[in-house]
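The sequence lines fix the lettering, A, B, ..., with proteins before strands; numbering per chain opens at 1. Just so you know, these numbers come straight off a predicted model, no measurement behind them.
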There are 2 protein chains.
Amino acid sequence: MSTLTQPRAAWRDRLRAAGLRVTAGRLAALDYLDDHPHSTAAEVLEGVAPALPSLSAQSVHNIVHDLTAVGLLRRVDLPDSDAARYETRTHDNHHHVQCVVCGRIEDVDCVVGHAPCLTPSQTHGMRILEAAVTFRGICPECEARTRDAAQEG
Amino acid sequence: MSTLTQPRAAWRDRLRAAGLRVTAGRLAALDYLDDHPHSTAAEVLEGVAPALPSLSAQSVHNIVHDLTAVGLLRRVDLPDSDAARYETRTHDNHHHVQCVVCGRIEDVDCVVGHAPCLTPSQTHGMRILEAAVTFRGICPECEARTRDAAQEG
DNA sequence: AGCGCTCTTTTGAGTGACTCAAAAGATCAC
DNA sequence: GTGATCTTTTGAGTCACTCAAAAGAGCGCT
């Protein structure tokens, strides 16, 4: 049922290549985040619990921290979100759209080469390394629901 | 010595217009944030303490929350920042550059009309309301310091 | 100017994400 | 298999922020 882009064997190789040991917790977290991008540490813990009930919240924090450090995960900080989120899509500098109503998060590719977001008008002398862009919007479902509610009134 | 863009009398009027009472804490917080943009609640508390030692941390949280709600302040959520930041520049949809070394934050105007950041390639059907953009870079001072350190090695 | 209703601030406790540290446990090179 | 080393666990602690009730201040009204 899952739509994993990386089989477990690939994760094993990438963990080893990063100099990290292959553990059940790390594989489970990578699998879960591959299938459920933009999850918080708490969500990873909950999602992994059925298969790995012994995994502690602490370990999940260690895991996402370590895997982010070696580039196997990317940390996503969204405005108005209390907890950090993580995803397996790394090194492609994509951005995110979030529905302000339901909180749904989707990826948005950044057009490499054009990257208009990387050329701000004034940089205060700073050399720009990257741009973190979060679009806030309303998804079709929530917009329809809002419209329906308005018509009923 | 201060470079306030708004005299106190203006803040009084804007507070009253928003239906809020004029209190010493609110005026002090507005003054401080006008002079020290992108400050956290803790920084506001510290900066205001000399003039208003009785003001509690709780009150500062109330103040920035309430003033943000009525549009007198704007909340800024920066990646890798544990605390929310606030500024008096509202309603002009500007963005921010942050130095990844020293953490310095500067404003970046958004070119109204062109606003390339508001037209992502795919929106997943979402109607985009706004884009929150944070540029990460290195400020001249930190770059020079890095260069000097490299030459010494 | 003074009274009093209402909004603010204060005080105190509590939540939730995350960190630090030491001991128990698992991984992997040999 | 065995042991050194890395991970996980367990437990305590920090920090930003919230909730709630009582004390206090602002301001409309007379």
Side-chain angles (χ1 to χ4, degrees), chain A residues 8-9 11-30 32 38-49 51-70 72-73 75-86 103, chain B residues 8-9 11-30 32 38-49 51-70 72-73 75-86 103:
Chain A
R8 286 221 144 174
W11 288 129
R12 303 185 87 96
D13 293 345
R14 297 186 63 186
L15 281 168
R16 294 306 300 144
L20 295 179
R21 293 188 177 168
V22 179
T23 68
R26 285 173 176 165
L27 288 175
L30 285 166
Y32 183 81
H38 322 124
S39 297
T40 63
E43 288 165 352
V44 170
L45 176 64
E46 191 182 6
V48 156
L52 245 69
S54 69
L55 198 71
S56 67
Q58 196 56 37
S59 295
V60 175
H61 279 116
N62 290 343
I63 288 168
V64 293
H65 177 270
D66 294 345
L67 298 189
T68 301
V70 300
L72 282 186
L73 289 180
R75 177 183 165 135
V76 183
D77 288 303
L78 259 39
D80 300 320
S81 177
D82 41 354
R85 296 174 178 278
Y86 299 88
Chain B
R8 286 221 144 175
W11 288 129
R12 303 186 87 95
D13 292 345
R14 297 187 63 185
L15 281 167
R16 295 305 300 142
L20 296 179
R21 291 186 178 168
V22 179
T23 69
R26 285 172 177 166
L27 288 175
L30 285 166
Y32 183 81
H38 323 123
S39 298
T40 63
E43 287 165 354
V44 171
L45 177 65
E46 190 182 6
V48 157
L52 245 70
S54 69
L55 197 71
S56 68
Q58 196 57 36
S59 296
V60 176
H61 279 117
N62 290 342
I63 289 169
V64 293
H65 178 269
D66 293 346
L67 297 190
T68 301
V70 299
L72 283 185
L73 288 181
R75 177 185 165 134
V76 182
D77 287 304
L78 260 40
D80 299 319
S81 178
D82 41 354
R85 297 173 178 278
Y86 299 87

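- Heavy atoms of A24(A) sit nowhere under 4.0 angstrom from any nucleic acid atom.
- A28(B) approaches L52(B) most closely through the heavy-atom pair CB-CD2, 4.4 Å.
- Looking at heavy-atom distances under 4.0 Å, R16(B) makes contact with sugar-phosphate atoms alone, never a base.
- Smallest separation of non-hydrogen atoms from V64(B) and H61(B): CG2-O, 3.4 Å.
- Within residues 56-64 of chain B, the residues that have a heavy atom under 4.0 Å from DNA chain C are, in order of number, S56(B), Q58(B), S59(B), N62(B), I63(B).
- Rounded to whole angstrom, the span from the CG atom of L45(A) across to the C1' atom of dC18(C) amounts to 14 Å.
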* What's the verdict on side chain to side chain contact (heavy atoms under 4.5 Å, CB included) for L67(B) and L20(B), showing C-alpha distance, side-chain angles and the deciding distance? -> CA-CA 9 Å; L67(B) 297 190; L20(B) 296 179; 3.8 Å; yes
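- Rounding to whole angstrom units, CD of residue E46(A) and C1' of dG16(C) are separated by 15 Å.
- Rounded to a whole Å, the CG atom of D82(B) is 11 Å from the P atom of dC18(C).
- The distance from the OH atom of Y86(A) to the NE2 atom of H65(A) is 8.0 Å, given to the nearest 0.5 Å.
- Across every non-hydrogen atom of L27(A) and R12(A), the tightest pair is CD1-NH1, 3.7 Å.
- Nearer to the 5' terminus of DNA chain D, by closest-nucleotide assignment, is the contact made by A83(B) (compared with the other of V22(B) and A83(B)).
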Go through L15(A) and L72(A) one step at a time and tell me if the side chain to side chain contact (heavy atoms under 4.5 Å, CB included) criterion holds.
CA-CA 8 Å; L15(A) 281 168; L72(A) 282 186; 3.7 Å; yes
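- Heavy-atom minimum distance, V48(A) versus A29(A): CG2-N, 4.2 Å.
- Here the shortest heavy-atom pairing between D66(B) and R26(B) reads OD2-NH2, 3.6 Å.
- Heavy atoms of S54(B) sit under 4.0 angstrom from primed sugar atoms or phosphate atoms, though from no base atom.
- Whole-Å rounding puts the L15(A) CG to dA26(C) P distance at 19 Å.
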Start with the C-alpha gap between D80(A) and R75(B), add the side-chain angles, then the distance that decides, and say whether side chain to side chain contact (heavy atoms under 4.5 Å, CB included) holds.
CA-CA 10 Å; D80(A) 300 320; R75(B) 177 185 165 134; 4.1 Å; yes
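- Nucleotides of DNA chain D nearest to L20(B) and A84(B) differ in position, and the one nearer the 5' end is that of A84(B).
- Shortest non-hydrogen contact noted between R16(B) and R21(B) is NH1-CA, 3.7 Å.
- The terminal axes of the helix from dA1(C)-dT30(D) to dC30(C)-dG1(D), fitted over 5 pairs per end, subtend an angle of 30° to the nearest 10°.
- Rounding to the nearest 0.5 angstrom, the gap separating the CG atom in N62(B) from the OG atom in S56(B) is 7.5 Å.
- Protein chain B touches strand DNA chain D; the 5'-most and 3'-most nucleotides with an atom under 4.0 angstrom of its non-hydrogen atoms are dA16(D) to dG28(D).
- If you check distances only, the side chain of R21(B) does reach the base of dC7(C) with a donor-acceptor pair under 3.5 Å.
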